[in-house]
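Here is the structure we will look at, set down as structure tokens.
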Amino acid sequence: MTTPASTRVLTEDELDLLELALGGGTGIVPGCVPGAPGGVVDDVTLTDAENTPIAVVGAAGVHALRPLARAAGPHWDPTSRRTADDVRAALGDAAGAPGTVAVVVDDVPTRVEAEALRGLVADARHVLLLVPAARRAPGSGRLGAPGLVRAVRSLVAAVHAPEGGDAPGPEAVEVVVVPWPRTAPDGLRWSDVGGRYGAHRTVVLAEHRDARTNARLTALDDLWSDEVAALYPAGCAREVARAARGAHAPGAVVFFTGLSGSGKSTLARALAAELDDEGLRATLLDGDEVRQHLSRGLGFDRASRELNVERIGYVAALVASHGGVAVAAPIAPFASGRARVRELAEGAGAFLLVHVSTPLEVCEARDRKGLYAKARRGEIDEFTGISSPYEEPTDADIVIDTSRTSVDHAVAQVREKLLAHLEAAAG
Ligand SMILES: Nc1ncnc2c1ncn2[C@@H]1O[C@H](COP(=O)(O)OS(=O)(=O)O)[C@@H](OP(=O)(O)O)[C@H]1O
Ligand SMILES: Nc1ncnc2c1ncn2[C@@H]1O[C@H](COP(=O)(O)OP(=O)(O)O)[C@@H](O)[C@H]1O
């Protein structure tokens with residue numbers, strides 16, 4: 001008789017830990033039963049929240065079944081998010097050598113730590129700036145992984161070539177993004193992880209913050225004040241102020257429109273995740289999900305589509321009126337429906353219309369759901385682009401053709417424009 005396979009659905013924190021373990025960054029694996037020989041009794045299949053099996057852990061260790069889903073943003077940039085095994089291998093002979101130093105930057109460095117950093121790596125040859133990145137978004141107004149990565153990148157030049165000093169500075173300074181649970185399990189220690197990434201010595205930069213700076217940070221409730229600029233180096237101050245603005249920002253609606261398969265959901269999901277990370281409280285109103293809930297039973301004739309789009313506009317405007325950012329992604333093929341959404345949204349906050357202009361041929365070739373093929377065979381009536389019109393917007397704030405623009409680049413474009421709109425709306 002075979003033992004029933006047991007599975008375990010991982011939390012976001014456990015997914016971070018699994019990614020770290022699969023990359024050789026720790027020996028701690030989620031799903032292990034403490035105390036059992038080898039950590040586990042039987043093989044356990046680890047799955048994500050959608051029940052996709054991603055790894056098996058057993059007495060023989062852990063092995064991946066498929067790559068973990070990636071997302072967009074600077075903390076997912078593959079040149080920075082590298083496994084411990086890769087970083088160690090790239091260091092070669094320098095791995096574990098005294099000149100290789102890891103500096104953990106788990107909070108935005110103030111000027112005090114930025115200064116301390118130079119001293120800490122003064123005699124190092126290779127510096128790894130390890131930036132923890134959690135899948136779980138931080139609370140509103142708190143800086144998440146994307147902002148932290150940008151802040152740390154802004155320090156690299158100064159670490160590389162120390163100002164005024166006679167010392168030549170380290171040969172290489174790299175920002176390495178490390179998957180790291182927001183609530184770390186017992187036993188997960190930076191000193192161990194730093195060693196696995198190839199460092200001889202690992203220091204945590206925030207421990208070099210002085211008591212006076214800590215007191216100033218605690219008193220920093222008016223984040224609009226000049227105090228931010230006085231406390232942080234310029235590149236870091238920008239990120240801290242941005243996250244704080246997120247908490248006080250006026251609401252907004254980002255409305256993606258485009259053909260089926262043009263990339264609306266993919267971009268909307270990636271944007272929402274990035275905004276969440278910046279404390280902007282994004283609410284995703286995806287076309288498919290709206291059709292399952294808010295608009296269940298509605299068809300695809302013109303009147304039904306207009307009603308569907310108006311409902312989305314109504315909910316999105318409500319979200320914006322409470323200071324959130326609604327990210328909507330229906331086809332919304334008619335100019336009249338989009339104009340109604342604009343009217344509702346602009347009454348509540350900022351409005352950004354994003355036309356995902358991917359050509360019909362590309363959408364049809366992607367045909368993820370096989371709907372274009374069915375529409376061509378006449379099995380679906382009134383299919384947008386085939387047997388029902390799509391009226392191209394003439395008032396889009398941004399036009400993105402996803403056959404020419406990557407997800408990362410597209411999301412960065414929308415994010416920048418949205419932040420500019422929010423800044424303008426905040427006066
Ligand atoms: N006839 C027809 N035309 C277009 N699309 C169709 C149709 N029938 C079903 N689907 C699926 O429904 C999704 C589009 O729903 P939307 O609510 O975004 O459309 S609309 O804004 O009301 O026009 C769309 O999802 P996306 O591919 O995510 O856009 C299709 O999967
Ligand atoms: N640069 C890109 N941006 C967005 N999607 C892309 C891109 N390149 C390829 N794709 C793929 O195109 C498909 C778009 O599907 P989806 O986002 O569901 O579109 P829609 O919501 O508009 O129907 C996905 O399979 C996605 O992986």
Side-chain angles (χ1 to χ4, degrees), residues 50 67 69-73 76 253-274 284-316 326-342 353-393 396 398-415:
E50 279 89 46
R70 300 186 67 82
W76 284 99
V253 175
V254 182
F255 195 87
F256 289 88
T257 169
L259 297 171
S260 173
S262 57
K264 303 180 300 293
S265 308
T266 304
L267 299 184
R269 266 197 308 272
L271 176 71
E274 170 125 351
L284 191 59
L285 293 165
D286 187 63
D288 287 334
E289 283 180 31
V290 167
R291 286 260 171 197
Q292 278 174 38
H293 302 285
L294 194 62
S295 290
R296 195 197 331 237
L298 276 189
F300 287 89
D301 55 282
R302 182 173 182 130
S304 299
R305 290 183 195 254
E306 292 287 70
L307 180 56
N308 174 47
V309 169
E310 175 157 9
R311 284 179 184 171
I312 294 172
Y314 173 74
V315 175
V327 181
I331 295 178
F334 301 115
S336 50
R338 296 191 298 260
R340 177 74 183 124
V341 173
R342 179 185 286 279
L353 183 66
V354 184
H355 177 204
V356 186
S357 65
T358 315
L360 176 64
E361 311 80 76
V362 176
C363 300
E364 191 166 1
R366 288 177 178 165
D367 205 8
R368 296 207 328 138
K369 305 172 192 166
L371 296 178
Y372 281 98
K374 282 190 181 166
R376 289 281 181 203
R377 291 197 299 268
E379 291 166 24
I380 304 179
D381 290 337
E382 299 190 89
F383 195 82
T384 309
I386 307 292
S387 44
S388 178
Y390 179 81
E391 297 170 4
E392 301 257 325
I398 304 180
V399 179
I400 296 168
D401 173 350
T402 65
S403 65
R404 295 163 175 267
T405 309
S406 69
V407 178
D408 274 355
H409 189 247
V411 169
Q413 244 181 298
V414 179
R415 174 182 167 277

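Remember, predicted model here, so these are calculated numbers, not experimental data. For ligands, and for the atoms within them, numbers begin at 1 and follow the listed sequence.
- Summary of contacts: the protein heavy atom closest to atom 1 (N) of ligand 2 is Thr405 O, 2.7 Å.
- Within the 3.5 Å criterion, the main-chain N or O of Thr358 finds no donor-acceptor partner in the side chain of Ser262.
- Put simply, CD on Gln413 and CG on Asp408 are 12.0 Å apart, with the number rounded to the nearest 0.5 Å.
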Run Arg376 and Glu364 through salt bridge (charged side-chain N to carboxylate O under 4.0 Å, His left out) and show every step you take.
CA-CA 10 Å; Arg376 289 281 181 203; Glu364 191 166 1; 2.7 Å; yes
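- The shortest N/O to N/O separation between Lys369 and ligand 2 does not fall below 3.5 Å.
- A cation-pi arrangement is not found for Arg377 relative to Phe383, the charged atom failing to lie both closer than 6.0 Å to the ring centre and inside a 45° cone about the ring normal.
- Heavy-atom proximity to atom 11 (C) of ligand 1, evaluated over Ile386, Asp367, Val356, Leu371, is greatest for Leu371.
- Regarding atom 26 (P) of ligand 1, its nearest protein heavy-atom neighbour is Lys369 NZ, 3.5 Å.
- Lys264 contributes atom NZ, which lies 12.5 Å from atom CD1 of Ile400 (distance to the nearest 0.5 angstrom).
- Close contacts of ligand 1 with Gly261, meaning ligand atoms under 4.0 Å from a residue heavy atom, involve 27 (O).
- Applying the 4.0 Å criterion to heavy atoms of Val407 picks out, from ligand 2, the atoms 1 (N), 2 (C), 3 (N), 4 (C).
- A salt bridge is defined here as a Lys NZ or Arg NE, NH1 or NH2 lying under 4.0 Å from an Asp or Glu carboxylate O, and Arg305 with Glu382 fails to meet this definition.
- Near Leu259, meaning under 4.0 Å from any of its heavy atoms, are these atoms of ligand 2: 22 (O).
- Shown in contact with Thr266 at under 4.0 Å from a heavy atom are these atoms of ligand 2, numbered in order with element: 4 (C), 5 (N), 14 (C), 15 (O), 16 (P), 17 (O), 24 (C), 26 (C).
- Near Thr384, with a cut-off below 4.0 Å to any heavy atom, the atoms of ligand 1 are 3 (N), 4 (C).
- Considering backbone and side-chain N/O atoms, Pro333 never comes within less than 3.5 Å of an N/O atom of ligand 1.
- We find the CD-CZ distance between Glu306 and Arg338 to be 9.0 Å, quoted to the nearest 0.5 Å.
- When non-hydrogen atoms are compared, ligand 1 lies under 4.0 Å from the backbone of Asp381 (N, CA, C, O) but not from its side chain.
- More than 12 heavy atoms of other residues, nucleotides or ligands lie within 6.0 Å of CZ in Arg70, so this atom counts as buried by the packing criterion.
- Of the protein's heavy atoms, Arg305 NH1, 2.8 Å lies nearest to atom 23 (O) of ligand 1.
- Protein heavy atom nearest atom 13 (C) of ligand 1, with residue, atom name and distance: Asp288 OD1, 3.7 Å.
- Geometrically, Arg340 does not engage Phe334 in a cation-pi contact defined by less than 6.0 Å to the ring centre and at most 45° from the axis.
- Atoms CZ and CZ, on Arg291 and Arg311 in that order, are 9.5 Å from each other to the nearest 0.5 Å.
- Residue Val356 does not touch ligand 2, judged by heavy-atom distances below 4.0 Å.
- Close approach of ligand 1 to Val309 (heavy-atom distance below 4.0 Å) involves ligand atoms 21 (O).
- Proximity to Ser260 (heavy-atom distance under 4.0 Å) selects the following atoms of ligand 1: 26 (P), 27 (O), 29 (O).
- Checking Thr257, Asn308, Ile331 against atom 17 (O) of ligand 1, the nearest heavy atom belongs to Asn308.
- Near Arg291, with a cut-off below 4.0 Å to any heavy atom, the atoms of ligand 1 are 15 (O), 16 (P), 17 (O), 19 (O), 20 (S), 22 (O).
- At a 4.0 Å heavy-atom cut-off, ligand 1 does not touch Arg368 at all.
- Residue contacts with ligand 1: Phe300 is placed with no nitrogen or oxygen under 3.5 Å of a nitrogen or oxygen of the ligand (distance criterion only).
- At a heavy-atom cutoff of 4.0 Å, ligand 1 is contacted by both the backbone and the side chain of Phe383.
- The main-chain N or O of Leu298 is never found under 3.5 Å from a side-chain atom of Asn308 such that the two would form a donor-acceptor pair.
- For ligand 2, one of its N or O atoms has an N or O atom of Gly261 under 3.5 Å away.
- Residue Glu382 touches ligand 1 through its backbone alone, judged by heavy-atom distances below 4.0 Å.
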What's the verdict on side chain to side chain contact (heavy atoms under 4.5 Å, CB included) for Tyr390 and Thr257, showing C-alpha distance, side-chain angles and the deciding distance?
CA-CA 10 Å; Tyr390 179 81; Thr257 169; 2.7 Å; yes
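- Considering only non-hydrogen atoms, atom 14 (C) of ligand 2 lies nearest to Gly263 out of Gly258, Ser260, Ala329, Gly263.
- With Arg415 contributing its side chain and Ala410 its backbone, the two residues share no donor-acceptor pair below 3.5 Å.
- When each atom of ligand 1 is checked for a heavy atom of Ile380 under 4.0 Å away, the hits are 1 (N).
- The shortest heavy-atom distance from Ala410 to ligand 2 is not under 4.0 Å.
- Looking only at heavy atoms of the protein, atom 15 (O) of ligand 2 is closest to Arg368 NE, 3.7 Å.
- Atom 21 (O) of ligand 1 has its closest protein heavy atom at Ala332 N, 2.8 Å.
- For Lys374 (side chain) and Ile380 (main-chain N/O), no donor-acceptor pair under 3.5 Å exists by modelled atom type.
- Summary of contacts: the protein heavy atom closest to atom 21 (O) of ligand 2 is Ser265 OG, 2.5 Å.
- Contacts with ligand 2 closer than 4.0 Å are made by side-chain heavy atoms of Arg366 only, the backbone lying farther away.
- A donor-acceptor contact under 3.5 angstrom links the side chains of Thr402 and Arg366, judged on distance only.
- Nearest non-hydrogen protein atom to atom 2 (C) of ligand 2 is Thr402 CB, 3.5 Å.
- For the pair Asp286 (side chain) and Val290 (backbone), a donor-acceptor distance under 3.5 Å is absent.
- The distance from the OG1 atom of Thr384 to the CD1 atom of Ile331 is 4.0 Å, given to the nearest 0.5 Å.
- Counting atoms of ligand 2 from 1 in the listed order, those under 4.0 Å from a heavy atom of Ser406 are 1 (N).
- Heavy atoms of Lys264 come nearer than 4.0 angstrom to ligand 1 in at least one pair.
- Atom CG of residue Leu360 and atom CD1 of residue Ile386 lie 5.0 Å apart, to the nearest 0.5 angstrom.
- Side chain of Tyr372 to backbone of Ser260: a donor-acceptor contact under 3.5 angstrom is found.
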